[in-house]
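Read the numbers this way: they start at 1 and go in the same order the structure lists the ligands and their atoms. In this text, all values refer to a predicted model and were calculated from it rather than measured experimentally.
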Amino acid sequence: MEFDTKLVQLGQEPTPGTGDVVPPIHLASTFEQRAQDDLRYFYGRGENPTREGLERCLASLEDAAHALAFSSGQAAGATALSLLRPGDVLVSSDDVYGGTFALFSTLERYGITVEYHDLSDPDVVRSAVREGVGLVWIETPTNPLLKVTDIAAVSRLARPLGIPVLVDNTFASPALQQPLALGADISLYSTTKFISGHSDVIGGALVYQRDDFHQAFFSYRTAAGNVPGAFDCFLLHRGLKTLSLRVERQNANTARIVELLQASPRVGRVHYPGLSDHPQHEVAKAQMSGFGSIVTFEYLGEVPDLLKKVERFAVAVSLGSVRSLIECPALMTHRPIPAETRLALGITDNMVRLAIGIEDPRDLLADLEQAL
Ligand SMILES: *Cc1c(COP(=O)(O)O)cnc(C)c1O
């Protein structure tokens with residue numbers, strides 16, 4: 001079955017005896033045990049049919065054996081970190097999502113060392129991925145600089161050493177990038193973003209092949225209780241059906257906006273993996289089937305003024321929604337990071353990040369033009 005058909009049909013099998021083309025939302029917290037021959041459903045923190053439908057679909061999108069849904073992207077991340085043991089080193093991309101950075105800062109107390117490296121640099125990867133590393137955590141493209149890491153190259157180094165590679169695939173979504181096919185072991189999603197696509201639910205997911213990971217993650221999730229509710233799973237699955245359509249339109253809109261930004265005398269550097277002057281443009285071209293709908297640029301004016309002037313963009317964090325969003329990393333998403341660390345990472349105060357939606361591009365272009 002092809003990707004777009006899986007989006008619409010998998011995990012949406014009719015309830016026996018009804019023929020419904022959309023399965024019901026299973027709200028039960030507990031299940032009558034004598035009614036089941038093989039006792040699949042026991043208690044909602046462990047098993048839920050609505051959640052499992054979403055998980056079947058998510059797993060199929062990467063031809064994976066397993067997917068687990070979580071109450072947030074962060075909950076998925078915390079669960080993945082349960083693979084680490086005292087004495088392990090976690091090797092991570094240096095400009096990871098702010099919440100991921102906060103999550104990693106809790107690891108030291110368990111005797112786990114976190115190392116941040118620029119994994120978009122192949123030489124850095126060669127020295128960082130070594131014996132003693134318990135997990136490699138890649139985010140690609142990164143936020144807000146859209147740096148790209150070669151997933152296959154990192155995986156080729158890690159695999160012979162038995163080091164699992166996790167890719168936070170939130171920015172690309174499975175529609176544009178397939179980490180498992182590139183050799184990674186785990187794909188992580190904040191399903192809050194492209195999977196939901198409508199800015200109306202918080203969720204997360206892990207997608208992987210290994211049965212031992214599945215046992216570990218399922219047990220951890222059941223113990224921690226970081227599961228999404230049935231309504232949220234329904235919303236996520238409903239959003240997922242249009243992922244390809246949304247991403248296609250978002251990418252087309254973004255290409256036009258990138259052109260406008262490049263031509264504007266009010267704009268300095270434009271960071272977008274689709275541009276031939278992007279440092280990892282060739283890697284992006286090889287491992288992604290599109291360049292995405294997040295673009296960051298340097299504004300040669302006062303950023304707060306720009307944020308006041310835009311009308312068609314909501315001034316808000318997050319991304320991957322049908323609605324176009326604008327934000328200033330230094331003032332919003334990356335504000336908790338100390339100014340000197342931000343600058344060392346290349347995140348300047350006049351940077352603006354756009355997350356493009358599916359509106360008519362003419363409205364977005366006209367609005368940006370007047371605001372710039
Ligand atoms: C949003 C995001 C997360 C965290 O996800 P939540 O659903 O907000 O918990 C993790 N990684 C990336 C890249 C994100 O954009």
Side-chain angles (χ1 to χ4, degrees), residues 51 54 58 67-81 90 92-106 114 116 119-120 135-149 151 165-177 179 184 186-207 221 224-229 232-233 235-236 239-240 243 247 250 271 273 288 292-296 314 316-321 323 325-327 329 332-337 345 347 353-357:
R51 195 188 301 144
L54 170 67
L58 286 172
L68 281 180
F70 293 87
S71 52
S72 66
Q74 291 306 103
T79 302
L81 293 180
L90 167 65
S92 168
S93 297
D94 57 2
D95 53 350
V96 277
Y97 178 73
T100 305
F101 194 74
L103 187 58
F104 289 172
S105 73
T106 65
V114 185
Y116 294 97
L119 298 180
S120 68
L135 180 68
V136 178
W137 186 295
I138 300 172
E139 193 174 313
T140 182
T142 62
N143 177 22
L145 292 168
L146 288 316
K147 288 199 297 196
V148 172
T149 289
I151 297 170
V165 173
L166 177 149
V167 176
D168 185 335
N169 203 34
T170 299
F171 265 46
S173 92
L176 298 183
Q177 182 165 273
I186 303 166
S187 291
L188 178 146
Y189 295 96
S190 165
T191 54
T192 311
K193 316 292 167 55
F194 287 95
I195 306 285
S196 146
H198 293 75
S199 307
D200 54 9
V201 54
I202 299 281
L206 296 175
V207 181
R221 188 184 69 171
N226 51 1
V227 287
D232 284 356
C233 292
L235 279 175
L236 286 163
L240 188 52
L243 176 70
V247 163
Q250 285 170 312
H271 301 266
M288 301 175 75
S293 49
I294 297 118
V295 53
T296 299
V317 302
S318 199
L319 53 114
S321 171
R323 178 80 200 267
L325 309 173
I326 186 169
E327 70 112 1
M332 296 166 68
T333 44
H334 293 64
R335 195 183 182 125
I337 301 175
L345 289 169
I347 304 166
R353 188 189 82 187
L354 302 177
I356 306 300

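- Classification of the Phe101-Tyr116 ring pair by plane angle, with boundaries at 30° and 60°, yields tilted.
- Between Gln74 and ligand 1, a contact under 3.5 Å exists for at least one N or O pair.
- Looking only at protein heavy atoms, the nearest one to atom 8 (O) of ligand 1 is Tyr97 OH, 3.9 Å.
- Not a single heavy atom of Ala76 sits under 4.0 Å from any atom of ligand 1.
- Checked by distance only, ligand 1 and Glu139 stay at 3.5 Å or farther apart across all their nitrogen or oxygen atoms.
- Every atom of ligand 1 is numbered from 1 in the order shown, and the set under 4.0 Å from a heavy atom of Ser190 is 1 (C), 2 (C), 3 (C), 4 (C), 5 (O), 6 (P), 7 (O).
- Using a 4.5 Å heavy-atom cutoff, the side chains of Ser93 and Ile138 are in contact.
- Residue Gly203 approaches ligand 1 through these ligand atoms, each under 4.0 Å from one of its heavy atoms: 7 (O).
- When side chains are defined from C-beta on, Pro144 counts as touching Ile347, because their heavy atoms get closer than 4.5 Å.
- Gln177 is listed as a side-chain neighbour of Ile151, based on a closest heavy-atom distance under 4.5 Å.
- Side-chain contact check for Thr79 versus Leu68: every heavy-atom pair is 4.5 Å or farther apart.
- Atom 1 (C) of ligand 1 has as its closest protein heavy atom Lys193 NZ, 1.5 Å.
- The shortest N or O to N or O distance between Gly73 and ligand 1 is under 3.5 Å.
- Between Tyr97 and Thr170 there is no side-chain heavy-atom pair separated by less than 4.5 Å.
- Between Pro174 and Leu243, some side-chain heavy-atom pair lies under the 4.5 Å cut-off.
- The residue from Asn143, Val317, Asp168 that puts a heavy atom closest to atom 13 (C) of ligand 1 is Asp168.
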